[in-house]
Amino acid sequence: MRTLGTKKHKFTAFTFSSTLTKPQIHVISKAITLNPIAVSKHFRFITYFSFCSSNTFPSISIPTNPIPIDLPNPRTFSILLNQRPKLSPLQQIHAQVVTQALSSDASLTASLIHCYLCAKNHPNARILFDHYPSPSPPIKLWNVMIRAYSKMQNSQEPIHLFLRMLTLDGPMQVVPDEYTFTFVITSCSHQISLIYGEIVHGMVVKSGFESNLYVGNSVINMYSVFARMEDARKVFNQMSERDVFSWTSLLGGYAKHGEMDRACELFDMMPVRNDVSWAVMISGFLGCGRYTEALTFFRNMLCDDRVNPNEAVLVCVLSACAHLGALDQGNWIHLYIDKIGIRQSSNISTALIDMYAKCGRIDCASRVFNGICKRDVLSFTSMISGLSYHGLGKDALRVFYQMLDENVMPNEITILGVLNGCSHSGLVEEGSSILANMESLWGIAPKIEHYGCYIDLLGRAGYLERALEVVKTMPMEPDIVIWRALLSASRIHHNVNLGEQIISHIGQLKSSDHHGGEVLLSNLYASLGRWERVTEMRKLMVDRRSESSPGCSWIEINGLVHEFRVADQLHPQIVEIRNKLNEILKRLSQIGYSANTMQVSFDLNEEEKEQAVAWHSEKLAIAFGLMSTEPGTLIRIVKNLRTCEDCHSALKAISQVYGREIVVRDRSRFHTFIEGDCSCKDFW
DNA sequence: CTAGGGTTAG
């Protein structure tokens, strides 16, 4: 027995007869962590050591032939390490490597580091690297480390390591190779450092590695990530050899930065396409809100028998269905997923839950959710959020507590979902207690978004003073979103005083922070009848080109999504639809419905205002729905903005007059209209 | 060694 380690940490090292026991392994690996050099020096002098038989490595099968297992050599270890052992056998192997004086074997060390990195980035990886016996780690080890760090987002470490490597001199000098450049440039595109990326690109050109396929691809990708498409294109054009990766990286650059037309062009030119190329296109359409085109591309992909949709593609198309409320197509994709038997991944389940919830089928969402064997934060979060915007706050809370019972830690989005559920169901006390305790219970400090939700909760429930108090006492400066939540609360409860107060607060914000507040502000002025300010706001909005996104509604009929915009002229059946709408409005007026023009922002006369609300996109969609479906069929509509008061009361009346159940999803929640009433109880 | 994905609020 000998003692080693620093004064602070004393460890007893053992002399071994045959195998290491668990406590011995523990002590040795602790010692390696704290003082690797002392440990390795110590173990080099242990003379007798016979390598263990298979019972030391219960989870690994040791090849018996032709490797001699009585006397371990580097090859024995490297075969063991290639089986990617878990942490505890790994530490045993590590201990053995050290005791066999093999610490300076470069490829063994590389394998050990690799395994430690796989084992949740265990700190021993870095320790092995930092304490590599002189003169300096070979390039292979640098590459392994740089790659490992480049896999973690937002780490500066790859660049730091690379810079450190370049400063080595004389006998220590290490020259970067094509692997180094590939990893470093990839890490520049993972984090936000275009400047380093450009510098390293310069070095690539100088070193002549630009012609290397892998290096070139990573440069193309780097410029594509930063939307520097001319540069990406230049590198692409100069490459002597290109593969699917080169094409798809460039494609992704255009697709992710909203240049879908260029992307389409490129996509048609590609000599080879694989599932990722299709995924890039589909997610590109998704990213810029062109959901119907995302689905069209998916259908085309299914016709191409050289490729099969992968998980990413399916997640994207489910999300497109969710945005459109395309239940029929979502259902079809669910069946397809079951048929091709993609293993029920967490991502797919989450996307399915989200799709069903947003298509108004919270029952199907629950069924998917209950069928998952191990639920994670994401599936819980999408279930909770789904229940929330269905106005089922109590159920959202129930699932949230179930999640805590199953020891799944919530993230900040989960909490937002729960708060939102409280907000739509008026659960003031529950919401207050979650906000007050979230930091101490789950270690999540409330961000401004959480306060936004909470203020919305108080405001909707009518506690306007309490909401204002929160705004004044919360630890951060209120932004436009916060004021908007208060503003819409004061509008719901017709509190003119508070509205004016808020307007003066908004006026004090820096003008750059105004973005997105103009619409609500001008709507409030409109409801107060202050037309001169409304006109002013409108002018301001046009000047800043921050015109609000136009109202848009979707309805799915026979598996096809129809899109309507305000005062739409584009739909092929628009004349019929308008006639139908006029007929509907006439029938509604017989039971006492009249246009509610409170929320029209323009200074128009009453008749003009009535016209303005009459052509709202959801009215066009409902007219189309009524004329294209059998009497009694449920109608589902999705709208991209909040439903206005006039459309809300019109829909209530329609559900009564036509005896239809109508489900509308607007920007903030679901409304189910049955026999003249809405599930939101007129709070939205 | 290199390319692609979802959940929230307003």
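Order of the sequence lines fixes the chain letters, A, B, ..., with proteins taken first and strands second; residue numbering starts at 1 for each chain. If you're wondering where the values come from, they're calculated on a predicted model, not measured in any experiment.
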Exercise. With distance as the sole criterion, do the side chain of A:D456 and the base of B:dA9 form a donor-acceptor contact below 3.5 Å?
Worked result: no

Exercise. Quick one: the side chain of A:R667 and the base of B:dG10, do they pair up donor-acceptor inside 3.5 Å?
Worked result: yes

For this session: Using the ring of A:Y389 (Phe, Tyr or Trp, six-membered ring only), decide whether A:R665 places NZ or CZ under 6.0 Å from its centre and within 45 degrees of its axis.
Result: no

Problem set entry | DNA chain B contacts made by residues 363-380 of chain A, counting heavy atoms under 4.0 Å | A:L378

For this session: Report the distance from atom CG of A:L641 to atom P of B:dA9, rounded to the nearest whole Å.
Result: 15 Å

For this session: Could you pull out all residues at least two apart from A:H257 that satisfy side chain to side chain donor-acceptor pair (under 3.5 Å)?
Result: none

Problem set entry | Distance-only donor-acceptor check, side chains A:D376 and A:S346, under 3.5 Å | yes

Exercise. Touch check for A:V280, heavy atoms < 4.0 angstrom, all strands: base, sugar-phosphate only, or nothing?
Worked result: sugar-phosphate

For this session: Give a yes or no on whether a salt bridge exists between A:R228 and A:E198, defined as a side-chain N under 4.0 angstrom from a carboxylate O.
Result: yes

Problem set entry | Sequence-distant partners of A:E439, salt bridge (Lys or Arg N to Asp or Glu O under 4.0 Å), two or more places apart | none

Problem set entry | Ring-face cation of A:R375 near A:F369 (centre distance under 6.0 Å, axis angle within 45°) | yes

Seminar exercise, completed: Regarding the side chain of A:R147, the nearest nucleotide among B:dT8, B:dC1, B:dG5 is B:dC1

